[in-house]
Amino acid sequence: MRDYLLTLCVTAAVTYLLTGPVRKFAIATGAMPEIRARDVHREPTPRLGGIAMFFGLCAGLLVADHLQNLNSVFDQSNEPRALLSGAALIWLIGVLDDKFELDALIKLGAQMISAGVMVAQGLTILWLPIPGVGTVALTQWQGTLLTVALVVLTINAVNFVDGLDGLAAGMVCIATGAFFLYAYRLWYGYTIEAAAPATLFAAILMGMCLGFLPHNMHPARIFMGDSGSMLIGLILAASAISITGQVDPDTLKIFEGSTREATHAALPVFIPLILPLTIIAIPMTDLVLAIVRRTWKGQSPFAADRGHLHHRLLEIGHSHSRAVLIMYFWSALIAFGTLAYSVHSTSMWIVLVITVLSAIGLVLLLLPRFSPRAPRWAEAVVPPRYRRRKPVPEPEPEHEAAADERVPVPAGLHGSTAIGHRSRFSDRRKAGTPS
C-alpha cells in the first residue's frame with residue numbers, strides 16, 4: 001500500500017506542478033477558444049490541461065517501475081506498456097483537437113485505433129465471468145470488438161460529462177477510488193497477481209485527477225480539454241478491462257460447495273461486470289440521453305447542445321459549485337455502494353444506507369436555493385462562500401458642512417456645459433436660495 005500511495009503522490013505532484021507552466025503555454029499558443037453557446041464559463045479559458053496529466057501518467061509509471069514491490073508488474077505483464085502506447089496516441093489527438101478543433105469522426109477513429117493498439121499488445125478481454133454459467137472464453141475477434149467498444153464508450157462518456165469546472169476530474173477520481181479499493185482487495189486479499197496492473201492504473205489515475213483539480217475547481221484557471229478527458233477515459237477503461245478480462249475466476253475456486261455458497265463466493269468475480277459500469281453510470285446515462293435527444297430532434301449524435309445533466313442542474317437553480325457537488329454525491333453513492341455490497345453481500349444495512357443516502361440526494365435536488373452554512377467553529381477552514389455573513393456597519397452621517405461643499409466639474413463639451421467654458425458644480429442650489 002505504501003508503494004501505491006507513493007506512486008499516487010508523485011503523479012499528483014508532477015501533474016500539479018506542470019499545470020501552471022502548461023497554462024502559460026496554452027495562452028501563448030492561442031489554445032483559448034471563444035466562448036460557445038453551450039459553455040457556462042464567462043471568460044475564455046486556456047485548455048491543454050491534458051499535457052500536465054499525461055506527464056503525470058509517465059512519472060507515475062516511471063516511479064512504479066523502480067519500486068521493489070511494483071516493478072514485478074512491468075516484468076510479468078505487458079499491460080503498462082500497452083496503456084502508455086494507447087494513452088500517448090489518444091493524448092496527441094486530444095492536443096491537436098484542443099488547438100485546431102478536429103472533426104468528431106476523426107476523434108472517433110483515433111479512439112478506436114488507440115484501443116486497437118492496446119489490444120495488439122495484450123490489454124484485452126480474454127474471458128467473461130457470467131453468473132449461472134461460469135467462465136466464458138472469448139475468441140480473438142470477440143475480445144477485440146468488446147474491448148474497443150468499452151474503450152470508446154468510456155472515453156466519450158467522460159468527455160460528455162466534462163462540462164463544469166472540476167466535474168470530470170472529480171467524478172473520475174471518486175469512482176476510481178472505489179475501483180482501487182476493489183482491485184487492491186482482489187490482489188492483496190485473494191493473492192491474484194493479475195489484478196496488480198489494474199490496481200496500479202487506478203492509483204495513477206487518482207493522482208492525475210487530484211493533481212489537476214486545484215487548478216480546475218470553480219472558477220477554473222485551465223481546462224483539461226479533450227487531451228485530458230479522453231486520456232483519463234482511456235485509463236479508466238483500461239483498468240476495467242484489465243481486471244475484468246484478465247483475472248481468471250477459477251483461481252478463486254468459486255464453483256465448489258453448495259449453490260448458495262458458490263454464489264456468495266463468486267461475488268468478487270461477478271462484480272467486475274458491474275463495477276466498471278457503476279464507475280461510468282452517470283456519464284453513460286448522460287451519453288445515452290444526449291444521443292436519444294439529438295436523434296429525436298433530427299440532429300447528429302455528435303452535435304453539441306446544452307441538454308446535459310449538469311446543464312439541467314444549472315437551469316433549475318443550482319449554483320455552479322452546488323451542481324458539481326451533487327454530481328460528486330451520486331457518483332460516490334453508486335460506486336462505493338456497489339463496492340460495499342461486493343464485500344458484505346448478505347448485510348441488509350448496506351441497502352438501507354444506500355436508500356437513505358438516495359433520499360437525501362433527492363432532497364438536495366429539490367432545494368436548489370438552499371445555501372449551506374458551516375458552524376462558527378469551522379469557518380476558519382471552509383471557503384468564504386460557506387461562512388456566515390458579518391453585518392455590515394451603517395455608514396456614519398457626513399458633517400453638514402461637508403454636505404454643503406461643492407465639487408467643481410471641469411467644463412467641456414458634454415451636456416449643459418457645452419455652451420460655455422464656465423465650471424459647473426455638482427450640486428446646484430435652487431433658484432432664490434441664499435448662497
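We're numbering straight along the sequence, starting at 1.
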Report the distance from atom [atom1] of [X] to atom [atom2] of [Y], rounding to the nearest 0.5 Å.
X      : Y      : atom1 : atom2 : result
Leu92  : Asp97  : CG    : CG    : 11.5 Å
Thr45  : Ile27  : OG1   : CD1   : 9.0 Å
Leu123 : Thr147 : CG    : OG1   : 7.5 Å
Leu205 : Phe180 : CG    : CZ    : 12.0 Å
Ser114 : Leu89  : OG    : CG    : 3.5 Å
Cys209 : Leu236 : SG    : CG    : 9.0 Å

(message) Suppose we screen for salt bridge (charged side-chain N to carboxylate O under 4.0 Å, His left out). Which residues come up paired with Asp226, at least two apart in sequence or across chains?
(response) Lys107
Closest heavy-atom pair and its distance - [X], [Y]:
X      : Y      : value
Ile51  : Val95  : CG1-CG2, 4.1 Å
Gly228 : Met53  : CA-SD, 4.1 Å
Ser242 : Ala198 : OG-N, 3.8 Å
Ala64  : Phe74  : C-CE1, 3.7 Å
Val117 : Ser85  : CG1-CB, 3.7 Å
Pro46  : Arg23  : CG-CG, 3.8 Å

(request) Determine, stepwise, if the pair Asn69 / Tyr4 fulfils side chain to side chain contact (heavy atoms under 4.5 Å, CB included). (result) CA-CA 9 Å; Asn69 296 326; Tyr4 284 119; over 6 Å; no
(request) Could you give me the CA-CA distance, side-chain angles and deciding distance for Thr29 and Leu48, then say whether side chain to side chain contact (heavy atoms under 4.5 Å, CB included) is met? (result) CA-CA 10 Å; Thr29 56; Leu48 295 178; 4.2 Å; yes
Do [X] and [Y] make a side-chain contact, defined as non-hydrogen atoms from C-beta onward lying under 4.5 Å apart?
X      : Y      : answer
Leu210 : Leu8   : yes
Phe201 : Thr176 : no
Asp162 : Met224 : yes
Gln121 : Arg81  : yes
Val73  : Pro80  : yes
His66  : Asn71  : no
Ile106 : Asp103 : yes
Met208 : Ile232 : yes

Residues two or more places apart in sequence or in another chain: which of them pass side chain to side chain contact (heavy atoms under 4.5 Å, CB included) with [X]?
X      : value
Val14  : Val10, Leu18, Ala59
Cys9   : none
Leu138 : Ile125, Leu128, Gln142, Leu146
Leu181 : Phe336, Leu339

(message) Keeping Thr124 on the side-chain end and Ala120 on the backbone end, is there a donor-acceptor pair under 3.5 Å?
(response) no
(request) Using atom types as modelled and distance alone, determine if a side-chain donor or acceptor of Ser331 lies under 3.5 Å from a backbone N or O of Met327. (result) no
(request) State whether a side-chain donor-acceptor pair under 3.5 Å links Asn156 with Gln111. (result) yes
(request) Verify whether one side chain among Asn216 and Asp165 offers a donor that lies under 3.5 Å from an acceptor in the other. (result) no
(message) Please verify the inter-ring angle class for Trp91 with Phe55; under 30° counts as parallel, over 60° as perpendicular, anything in between as tilted.
(response) perpendicular
(request) Classify the angle between the aromatic ring planes of Tyr182 and Phe179 as parallel (below 30°), tilted (30 to 60°) or perpendicular (above 60°). (result) tilted
(request) Decide if atom CE of Met32 counts as having more than 12 heavy atoms of other residues, nucleotides or ligands within a radius under 6.0 Å. (result) yes
(request) Please assess Ile204 against Ile235 for the test side chain to side chain contact (heavy atoms under 4.5 Å, CB included), listing each intermediate value before the final yes or no. (result) CA-CA 9 Å; Ile204 293 177; Ile235 300 175; 5.7 Å; no
(request) Output all residues satisfying side-chain hydrogen bond (donor to acceptor under 3.5 Å, both in side chains) with Asp98, sequence neighbours left out; order by chain, then residue number. (result) Ser227
(request) Assess whether side chain to side chain contact (heavy atoms under 4.5 Å, CB included) is satisfied between His218 and Val324, documenting all intermediate values. (result) CA-CA 9 Å; His218 182 70; Val324 172; over 6 Å; no
